[in-house]
K.L.:
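The following block contains the structure, expressed as structure tokens.
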Amino acid sequence: MSADAQGHQAGLNAYEAPPPGHSSGSRLERVLRQGRFAVTAELNPPDSADPEDVFEAARPLAEVVDAINATDASGANCHMSSIGICSLLTRAGYGTIYQISCRDRNRIAIQGDALGAAAMGVRNVLCLTGDGVGVGDQPGAKPVFDLDSVSLLRALKTMRDEGVFLSGRKITRPPPLFLGAAENPCVTPVEWRPDRLKKKIEAGAEYIQTNYIFDMPQFEAFMARVRDLGLHEKVFILAGVGPLASARAARWMRSNVPGIHIPEHVIERLEKADKPGEEGKRLCVELIQQIREIKGIAGVHVMAYRREHQVSEIIMESGVLAGRRPVARRQRAAAPAKA
Amino acid sequence: MYRLRLWSVRHARGLERLYKWVEGTMVALDPLFARIGYARVERPVAVLESGVKGLLFDCEMCGQCVLSSTGMSCPMNCPKQLRNGPCGGVRPGGFCEVKPWMRCVWVDAWDGAQRMRNGAWISEVLPPVDRSLKGSSSWLRVAREKAAERRHSETKSRARRIVAKAFAGARRNEPASAPLAEEPPSAVNREAQP
């Protein structure tokens with residue numbers, strides 16, 4: 001057997017140019033371009049070198065999502081790398097989103113990793129600036145921030161569309177990547193967030209995953225402005241949601257995790273509930289149902305840190321899949337057999 | 001100085017006018033600079049520039065001044081050195097995620113841009129900082145860029161050309177952000193020089 005054939009048997013993806021009208025061959029991109037309501041979810045990366053831990057974390061999500069986000073040391077806390085997780089999952093047939101933060105790597109590393117990830121079959125990337133190192137588990141680390149999320153988007157777009165590195169050196173096979181970025185619609189300066197979104201789109205963003213939305217009036221105001229600017233026709237917006245465990249957890253998140261805005265009435269609702277965990281889940285389902293009705297929304301992104309077991313129920317109860325069979329699941333047959 | 005920096009944002013319109021004048025003067029002086037040699041004038045001008053901009057903007061002499069595109073709020077003062085707008089971690093009231101006692105450089109930038117004639121430049125995607133230009137004069141760089149445009153001369157650096165192409169809009173507004181003119185040796189890698 002040739003080495004090439006062996007590679008294919010092992011589930012490695014061969015280099016393929018994206019289909020017409022697409023930037024990548026990604027399932028997420030296909031679902032979005034077909035106008036279907038997309039679902040993505042965040043994976044809690046393991047503190048382990050065992051691939052089985054990655055598959056275990058992915059399993060409860062894969063049933064209901066089109067792609068799984070592998071965070072890149074979120075909150076500046078060290079975990080298994082996003083590129084490692086994405087490579088494992090992609091080769092096992094899952095749709096993945098490779099999160100790239102500018103905090104830990106300079107432009108040389110980031111561009112090289114983009115090629116490496118694409119060669120491993122990764123097709124979706126999410127370009128992030130990253131939280132400051134001070135909030136993480138190793139506050140003495142050197143913050144890099146050589147690029148920012150916007151120049152990173154333009155850099156990857158240049159690599160993909162022009163077939164060159166930022167050095168101008170030619171790339172023989174450009175990385176077919178579906179480029180994403182984040183937005184935080186409910187956080188200061190709220191009046192400029194839509195303009196910042198516009199800038200990200202101009203830099204190359206094709207889809208957006210937002211931070212947690214708990215403040216519906218604020219988010220609707222944001223979306224109204226987005227529609228006024230016509231941005232919803234240029235980018236797919238996936239609204240970020242997640243179940244809160246309790247009022248205490250919500251308060252802790254609000255004061256300790258950068259960029260989290262949770263209105264007081266949401267916390268009060270959890271405080272009054274007999275089973276705050278169930279109430280948090282119900283709240284999340286309601287939010288998804290409200291978000292789905294907003295014009296210009298293309299999907300939801302579920303961030304259920306340490307509550308991954310709830311993701312499947314939340315999506316099913318929200319009814320957003322509307323009978324659609326989740327795409328990631330069909331491919332699970334390709335995953336390595338598990339004892 | 002933090003207070004003066006905030007003053008500068010409040011007076012972004014006036015400073016924009018002053019900046020236009022400085023730029024015009026520097027470009028007009030190009031023949032003189034070229035005669036003396038850009039390599040020779042680099043140090044004295046950089047020292048002057050550092051003094052003036054250090055006072056007004058807490059300038060860090062990145063060598064690629066984009067104040068006219070950032071509401072006269074210097075993005076190098078952002079702990080993440082973001083060049084394209086605020087991060088998602090801005091605290092309520094417009095304070096910095098990393099330094100909670102400091103106003104977000106980008107909240108101020110948007111505020112300053114509102115006062116400026118070319119405030120819309122803030123929407124242009126700016127390229128990453130070329131770290132090899134740190135410590136050099138951005139004023140001289142602008143003069144060289146505008147003069148080079150007139151002379152149709154261009155750098156031999158492929159990297160500089162691709163950045164100028166990928167961030168064409170930024171280069172149009174702020175030529176020093178993606179320079180194409182030949183750099184005098186005294187303006188490059190100052191950090192590495194003894």
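Letters A, B, ... mirror the listed sequences (proteins, then strands); counts begin at 1.
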K.L.:
Side chain from CB out, backbone as N, CA, C, O: work out which of these in A/R103 comes under 4.5 Å of a heavy atom of chain B, or both, or neither.
P.N.:
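Contact with chain B involves no heavy atom of A/R103 at all.
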
K.L.:
Check whether any side-chain N or O of B/Q81 sits under 3.5 Å from a backbone N or O of A/F145 as a donor-acceptor pair, and report yes or no.
P.N.:
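Not at all, since once roles are kept as given, no pair shorter than 3.5 Å links the two residues.
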
K.L.:
Checking A/K199 against chain B: side chain, backbone, both or neither under 4.5 Å from a heavy atom?
P.N.:
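Contact with chain B is through both the backbone and side chain of A/K199.
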
K.L.:
How many angstroms lie between atom CH2 of A/W192 and atom CG of B/D111, to the nearest 0.5 angstrom?
P.N.:
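Taking CH2 in A/W192 and CG in B/D111, the distance rounds to 8.5 Å.
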
K.L.:
For B/V125, does its backbone N or O pair with a side-chain atom of A/R154 as donor and acceptor, under 3.5 Å?
P.N.:
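No, because the side chain of A/R154 does not come within donor-acceptor range (under 3.5 Å) of the backbone of B/V125.
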
K.L.:
Evaluate the side chain to side chain contact (heavy atoms under 4.5 Å, CB included) criterion for residues B/N84 and A/S151: first the C-alpha distance (whole Å), next the side-chain angles of each, then the deciding distance (0.1 Å), finally the verdict.
P.N.:
CA-CA 8 Å; B/N84 286 293; A/S151 55; 4.3 Å; yes

K.L.:
More than 12 heavy atoms of other residues, nucleotides or ligands under 6.0 Å from CD1 of A/I108: is that the case?
P.N.:
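For A/I108, atom CD1 is not crowded (no more than 12 foreign heavy atoms under 6.0 Å).
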
K.L.:
Would the distance check show the side chain of B/K80 and the main-chain N or O of A/G130 forming a donor-acceptor pair, the cut-off being under 3.5 Å?
P.N.:
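Yes.
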
K.L.:
Most heavy-atom pairs under 4.5 angstrom with chain B, which of A/V144, A/D131, A/N211, A/V135?
P.N.:
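Top count of heavy-atom pairs under 4.5 Å with chain B: A/D131.
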
K.L.:
Who among B/C104, B/G85, B/G89 has the most heavy-atom pairs with chain A under 4.5 Å?
P.N.:
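Heavy-atom pairs under 4.5 Å are most numerous for B/G85.
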
K.L.:
Looking only at non-hydrogen atoms, find the nearest pair between A/T158 and B/A166 and report the distance.
P.N.:
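Answer, listing the atom of A/T158 first, then B/A166: OG1-CB, 3.5 Å.
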
K.L.:
Report which part of B/V129 has an atom under 4.5 Å of a heavy atom belonging to chain A: side chain, backbone, both, or neither.
P.N.:
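Only the backbone of B/V129 comes within 4.5 Å of chain A.
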
K.L.:
Please look at B/P79 and chain A and tell me whether the side chain, the backbone, both or neither of the residue comes under 4.5 angstrom of a heavy atom of that chain.
P.N.:
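Just the backbone, heavy atoms under 4.5 Å.
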
K.L.:
Is B/K165 atom NZ crowded by more than 12 heavy atoms from other residues, nucleotides or ligands, each under 6.0 Å away?
P.N.:
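No, NZ of B/K165 has 12 or fewer neighbouring heavy atoms, counting only those of other groups under 6.0 Å.
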
K.L.:
What closest approach, in Å, do A/L166 and B/P128 show between heavy atoms, and which atom pair accounts for it?
P.N.:
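Nearest heavy atoms, A/L166 then B/P128: CD1-CG, 4.4 Å.
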
K.L.:
If you count every heavy atom of other residues, nucleotides or ligands that lies below 6.0 Å from B/R131 atom CZ, does the total exceed 12?
P.N.:
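Enclosed.
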
K.L.:
Less than 4.5 Å to any heavy atom of chain A: does that hold for the side chain of B/R91, its backbone, both, or neither?
P.N.:
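The backbone, not the side chain.
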
K.L.:
Do the side chain of A/N184 and the main chain of B/G88 share a donor and acceptor less than 3.5 angstrom apart?
P.N.:
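Judged by distance alone, yes, a pair lies under 3.5 Å.
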
K.L.:
Please determine, among A/A182, A/C102, A/G132, the option with the most heavy-atom pairs under 4.5 Å with chain B.
P.N.:
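Result: the option with the highest number of such pairs is A/G132.
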
K.L.:
Drop me the distance from A/D148's CG to B/C78's SG, to the nearest 0.5 angstrom.
P.N.:
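Reported to 0.5 Å precision, the distance equals 8.5 Å.
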
K.L.:
In terms of heavy-atom proximity below 4.5 Å to chain A, should B/F167 be classed as side chain, backbone, both, or neither?
P.N.:
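For B/F167, heavy atoms of backbone and side chain both lie under 4.5 Å from chain A.
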
K.L.:
A/G168 and B/I162: which non-hydrogen atoms are nearest, and at how many Å?
P.N.:
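Scanning both residues, the minimum pair turns out to be N-CG2, 3.4 Å.
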
K.L.:
Roughly how far apart are B/S123 OG and A/R196 CZ, rounded to 0.5 Å?
P.N.:
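With rounding to 0.5 Å, OG (B/S123) is 12.0 Å from CZ (A/R196).
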
K.L.:
List the steps and the verdict of side chain to side chain contact (heavy atoms under 4.5 Å, CB included) for B/W110 and A/D195.
P.N.:
CA-CA 10 Å; B/W110 239 289; A/D195 296 82; 4.0 Å; yes

K.L.:
Measure distances from A/D146 to the heavy atoms of chain B and classify the residue's part below 4.5 Å as side chain, backbone, both or neither.
P.N.:
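Contact with chain B: backbone and side chain both.
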
K.L.:
Using non-hydrogen atoms and a 4.5 Å limit, figure out which bit of A/E191 sits close to chain B: side chain, backbone, both or neither.
P.N.:
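Interface part for A/E191: neither.
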
